[in-house]
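Have a look at the structure below before the remarks.
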Amino acid sequence: MSLSTSVMPLVLTVLMSTTAVAQSRTPTVREHKARQLMLRSEEPPVLMALRVAAHEVTTVTFDAPIVPESVDRSVLTPFFSRVAVHEDVLVLKASMDVPAGKEPVLTVRFAGPGAPAQVGFVLTTVEAEVDSQVEVFRQGRTAQDLGKELADLRARCAVTEAGLATLRAQCALRGLGGAVLMGVITREGVSVEHLPKPSLSPGMTAEGPHVLYRAENTRALSTSLINAVGAAPWIPGFARMTPRGPSALPAREFPLLMQVKQLSPGEQATVVVEWHALPDLPAGTPFTLELLDAKGERGVRWEEVAP
């Protein structure tokens with residue numbers, strides 16, 4: 001037997017082993033899921049499965065405030081590179097797949113009275129799916145609740161449509177000349193102010209600068225929003241302006257302007273909201289400004305904005 005003939009099986013064995021190792025390192029492609037979990041006070045508490053995966057972001061939103069300190073970060077440290085807990089949002093980014101038999105249990109306690117007092121999750125990894133967006137409802141919604149929600153949505157749509165009608169009317173007068181003709185820009189000019197970093201960013205990231213333009217009767221805020229990798233697409237919805245202090249004036253909503261229809265996971269775009277100065281707002285009254293998606297859940301918030 002020649003040397004080349006005897007070496008051939010060994011070469012083939014090495015090549016096959018190398019191929020097997022390369023195939024084993026091929027990253028698993030999982031389907032990103034958005035789910036809703038309903039909690040009921042009359043049912044015994046059970047652990048909810050939360051499917052996570054390496055390098056994927058899982059965002060859990062709650063319809064009631066939670067206690068951030070109730071989340072035990074120590075049980076998450078071995079498996080997660082990012083753990084962010086806000087008043088109604090939990091964001092997790094796994095650094096590795098959770099090994100079978102080592103699934104951590106996470107307990108989140110609700111703030112204030114009511115039942116159930118808490119919800120428990122068991123964090124696990126499965127081959128085919130990963131939870132990107134999970135909505136937790138503390139109480140299952142009745143037909144009456146759904147009817148009220150539908151009425152609220154219709155009212156919100158009417159407000160948004162009214163704002164869009166104004167914008168459509170302005171489309172014929174575009175650019176700087178149009179702004180002058182409409183009286184948005186006068187001889188008094190435009191002042192520019194930079195807002196600080198948002199106080200809260202449930203499910204999104206705001207990239208500065210956050211620029212507030214002030215004309216005589218018009219205001220416009222421009223900022224850049226980033227949708228997290230692994231999150232659900234972000235569809236622009238509306239800006240909500242809520243006056244602070246004892247004025248007890250209702251919140252106002254205005255449509256968001258963006259050059260793309262939505263932000264896919266990992267994408268970034270400039271978002272602008274425009275509104276007219278509110279004549280019924282007492283001088284110097286600050287307001288909370290939120291830029292939210294179409295569901296009114298994910299976005300950014302500034303707590304103190306000068307009028």
Side-chain angles (χ1 to χ4, degrees), residues 24-37 47-63 65-110 118-137 197-208 223-235 262-269 271 291-293 295 297-301:
S24 66
R25 292 178 179 174
T26 301
T28 303
V29 178
R30 295 181 172 91
E31 182 181 0
H32 292 76
K33 289 288 188 178
R35 296 193 295 142
Q36 293 184 341
L37 301 179
L47 289 177
M48 303 286 187
L50 196 60
R51 300 169 296 188
V52 299
H55 313 302
E56 298 284 358
V57 175
T58 297
T59 302
V60 185
T61 59
F62 301 86
D63 69 337
I66 62 174
V67 180
E69 295 77 14
S70 66
V71 176
D72 186 358
R73 297 172 183 263
S74 63
V75 302
L76 303 175
T77 301
F79 309 104
F80 293 87
S81 60
R82 180 188 177 194
V83 178
V85 189
H86 304 287
E87 64 178 12
D88 55 2
V89 178
L90 170 65
V91 181
L92 302 172
K93 184 176 183 180
S95 57
M96 59 183 290
D97 289 348
V98 177
K102 296 185 178 180
E103 294 87 351
V105 174
L106 181 65
T107 300
V108 180
R109 192 168 71 251
F110 289 103
Q118 63 186 34
V119 57
F121 300 99
V122 55
L123 280 59
T124 183
T125 298
V126 299
E127 287 296 325
E129 299 175 344
V130 59
D131 290 328
S132 294
Q133 183 77 30
V134 177
E135 297 176 282
V136 178
F137 295 94
K197 181 179 179 181
S199 57
L200 187 64
S201 303
M204 298 293 289
T205 301
E207 185 76 18
T223 188
S224 183
L225 294 187
I226 304 173
N227 192 13
V229 176
W234 190 85
I235 301 174
Q262 67 177 29
L263 283 180
S264 299
E267 288 188 345
Q268 176 176 348
V271 178
L291 311 185
L292 300 169
D293 64 356
K295 293 183 178 180
E297 297 171 350
R298 298 168 57 207
V300 296
R301 179 190 303 169

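Here the structure is a predicted model, which is why all the values come from computation and not from measurement.
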Would you compute the distance between atom CD of E56 and atom CG of L92 and round it to the nearest 0.5 angstrom?
12.5 Å

Show which side-chain atoms of residues 65-83 pair as donor or acceptor with protein atoms under 3.5 Å away, not counting sequence neighbours.
residue	atom	partner	partner atom	Å
S70	OG	V67	O	2.6
S70	OG	R109	N	3.0
D72	OD1	S74	N	3.1
D72	OD1	S74	OG	2.5
D72	OD2	S74	OG	3.3
R73	NH1	V83	O	2.8
T77	OG1	R73	O	3.0
S81	OG	K93	O	3.4

Under the side chain to side chain contact (heavy atoms under 4.5 Å, CB included) test, residues paired with H55 that sit two or more places apart
none

Heavy-atom distance under 4.5 Å between the side chains of N227 and E267, does that happen here?
no

Scan H32, R51, E31 and name whichever one has a side-chain contact (heavy atoms from CB on, under 4.5 Å) with V130.
H32

Could you pull out all residues at least two apart from K197 that satisfy salt bridge (Lys or Arg N to Asp or Glu O under 4.0 Å)?
none

Those residues at least two apart in sequence (or on a different chain) that pass side chain to side chain contact (heavy atoms under 4.5 Å, CB included) with T107 are Q118

Partners of Q133 by side chain to side chain contact (heavy atoms under 4.5 Å, CB included), sequence neighbours excluded?
A34, T59, T61, A232, R298

Would you mind telling me which of L90, D131, V89, D88 makes a side-chain contact (heavy atoms from CB on, under 4.5 Å) with V60?
L90

Side chains of Q268 and L263 in contact at under 4.5 Å (non-hydrogen atoms):
no

For L37, side chain to side chain contact (heavy atoms under 4.5 Å, CB included) partners two or more places apart
R35, M48, F121, V134, V136

Distance col, row H86:NE2 vs R301:CZ, nearest 0.5 angstrom, shows 10.5 Å

List the steps and the verdict of side chain to side chain contact (heavy atoms under 4.5 Å, CB included) for L106 and L50.
CA-CA 10 Å; L106 181 65; L50 196 60; 5.6 Å; no

Heavy-atom closest pair (P265 atom, G230 atom, distance to 0.1 Å) is CB-N, 3.7 Å

Is L123 close to T58 at the side-chain level, that is, under 4.5 Å between some pair of heavy atoms?
no

Tell me if a side-chain donor or acceptor on R30 pairs with a main-chain N or O of V126 at a distance below 3.5 Å.
yes

State the CD1-CH2 distance between I226 and W234, to the nearest 0.5 angstrom.
12.5 Å

